[in-house]
There are 2 protein chains.
Amino acid sequence: MSHLVRKLENFVRLSAADRMMLNRAAAQRVRTFAPRTDIAREGEKPKDVHLILNGWACRYKQLEDGRRQIVSFFLPGDICDLNIFILREMDHSIGTITAVSIADLSREFFDEISAGYPRVATAFWWETLVNAAIQREWTMNLGQRTASERMAHLLCELFFRLRLAGLADENSCSFPLTQADLAEATGLSKVHVNRTLQELRASNLIVLKGKMLVLPDLERLMSAGLFNANYLHLDREGRQLDANE
Amino acid sequence: MSHLVRKLENFVRLSAADRMMLNRAAAQRVRTFAPRTDIAREGEKPKDVHLILNGWACRYKQLEDGRRQIVSFFLPGDICDLNIFILREMDHSIGTITAVSIADLSREFFDEISAGYPRVATAFWWETLVNAAIQREWTMNLGQRTASERMAHLLCELFFRLRLAGLADENSCSFPLTQADLAEATGLSKVHVNRTLQELRASNLIVLKGKMLVLPDLERLMSAGLFNANYLHLDREGRQLDANE
DNA sequence: GTAACATGCTAACATAAGTTATTGTAGGCG
DNA sequence: CGCCTACAATAACTTATGTTAGCATGTTAC
């Protein structure tokens, strides 16, 4: 099952036809990108909506003097802004972290969805609202949390999101971000990211080595990061949230 | 003309019927709130989409230990998340700054829009995309800009947005935020906000007194805040952006 | 096999911003 | 009228985080 379908089914129960429609769209117009390359650049005219099939990517913005901020991460199953093509130009860039494959989704695809696939349309709205909530949470993270809280929070978020897409084990996941990436995402310097990771290691909250992240005690990491998963809205109608699902 | 219509017409040309539809919705189910009260609280079930008719409000989030972050401001003409009612609970609170009047927009209203008012539907998508872009810009602001850049940037953003809704003069606007509000929005301490404002005053970039903000030299303030208005997407098809419009 | 480079780690030092506290000022209201 | 209270201003001091630099390790390319 595709990461997208797997993720959306955490919120909406899809029919076989819904799933087929999504999988068909994800198999057309596929492109691949090498690590550390741009999928789209600030200033360009947005043409298609991108669905991440495999690999990690990020949105980033850059100031004239070179300061860079990663404003969000894209994991497999994530979709960049719906209807982005109504805008004249991109206000940010999208770049890859690892090798990435994407499917380009056309305006017509979304017309088809809203005409004949109401559950998928709802699921896409859920995706949009959750993305907005994540962005607000990042604002909170950068504005109020200390360096170690911030790092713990980011690691929790990524782990939860990977698990949602079926990409994490019980307490570990593949983790391709460098300390420089973490610095750009948290607004900290590289040196301080290193210090902060050492601190989390010393508290036995994380094991991070060779592109692999292990979280021996997720509960403690969550409380270290003042992490509350409510903003991910993992609550399908009529179902209680199970932390291990 | 309502602030909402005025704002949306910066992006999409609306028909008389479109405008009538919007104005009718804005006249029904109106509620008013005193300054410094909550319109909605984190944890509640979202029921309606709120349209701000008059006054200033904000979204905020709070940590268990009391740290508060304002994650966005609502100005007259702003709409809180479309389709928010598909979620089970609010992940943030909405509170007023000044006295505020809002109109509650129902699910049925949006059904009507998507069935028969395509230009309004597009305009609402534009609103959604711009709100997302603003939230990303705040992430950038908190992550990379220094205190004075950050403050200058925020002031520019608010001034541009007010002007869009027809609420600013040539180089001034009403400005009800306290220094404590600015602190919660910028992630700075109140004392440092004060220092930062003094600095902007000393550079003759702002005059801020008695709930009134004057920007004697917007160009210089923009460059002090590394402000680039592209993320507000003020670019109606076929029209060049005019900085004074 | 070695050069070249990206990444991670650490130390020493610098600084932007936070904290606590005090004072001033202007409204609101009994 | 005078007492509150909210807001703004400023000083003195502390601290979290940034900066610069250097070294170690591992990976890739030739």
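To find a chain, count down the sequence lines: A is the first, B the second, and so on, and within it residues start at 1. Bear in mind the structure is a predicted one, so any value in this text is a computation, not a measurement.
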inquiry  = Base, sugar-phosphate or nothing for B:Gly187? Non-hydrogen atoms, less than 4.0 Å.
reply    = sugar-phosphate
Out of C:dG8, C:dA17, D:dT19, minimum distance to the side chain of A:Lys211 belongs to C:dG8
From CD of B:Gln179 across to P of C:dA17 the rounded distance in Å is 16 Å
> Which part of the nucleic acid, if any, lies within contact of B:Leu197, taking any heavy atom under 4.0 Å across all strands shown: a base, the sugar-phosphate backbone alone, or nothing?
Replying inline: nothing
Looking only at C:dT10, D:dA9, C:dT19, the nucleotide nearest the B:Gln198 side chain is D:dA9
Per nearest nucleotide of DNA chain D, the residue lying toward the 5' end, B:Ala180 or B:Arg195, is B:Ala180
Between CG of A:Leu142 and P of D:dT17 the distance, given in whole Å, is 12 Å
Carboxylate-amine/guanidinium contact A:Arg163 A:Glu170, below 4.0 Å = no
query: Do B:Asp104 and B:Lys47 meet the salt-bridge criterion of a basic N to acidic O distance under 4.0 Å?
result: no
With the side chain defined as heavy atoms from C-beta on, A:Arg201 is closest, among C:dC9, C:dA21, D:dA8, to C:dC9
When rounded to whole Å, the NE2 to C1' distance for the pair A:His192 and C:dA11 reads 15 Å
When rounded to whole Å, the CE to P distance for the pair B:Met151 and C:dA17 reads 11 Å
query: Could B:Asp181 and B:Arg36 be called an ion pair, given the rule that one side-chain N must be under 4.0 Å from one carboxylate O?
result: yes
Quiz item: Is B:Arg36 touching bases, backbone alone, or none of the nucleic acid, heavy atoms closer than 4.0 Å?
Solution: nothing
Of the candidates D:dT10, C:dA17, D:dA21, the side chain of A:Val191 sits closest to D:dA21
**Asked** Are any of B:Arg145's side-chain N or O atoms less than 4.0 Å away from OP1 or OP2 of C:dA16?
**Response** no
key: Test item: A:Tyr231 and A:Glu157 side chains (from C-beta on) under 4.5 Å apart, heavy atoms   = yes
Among the nucleotides D:dA8, C:dC9, C:dA17, whichever has the atom closest to the side chain of A:Asn194 is C:dC9
Of the listed C:dT10, D:dG18, C:dA17, the closest approach to the B:Ala147 side chain comes from C:dA17
query = Is it true that A:Arg145 and A:Glu137 make a salt bridge, defined as a side-chain N closer than 4.0 Å to a carboxylate O?
reply = yes
From CD of A:Gln144 across to P of D:dA16 the rounded distance in Å is 16 Å
Rounded to whole Å, the CG-P distance (A:Asp181 to C:dT7) equals 8 Å
To the nearest angstrom, the CG-P distance between B:Leu182 and C:dG18 comes to 13 Å
From the candidates C:dT19, D:dG18, D:dC7, the one with an atom nearest any side-chain atom of B:Ser189 is C:dT19
Taken to the nearest whole Å, CD/A:Glu199 to P/D:dT17 is 9 Å
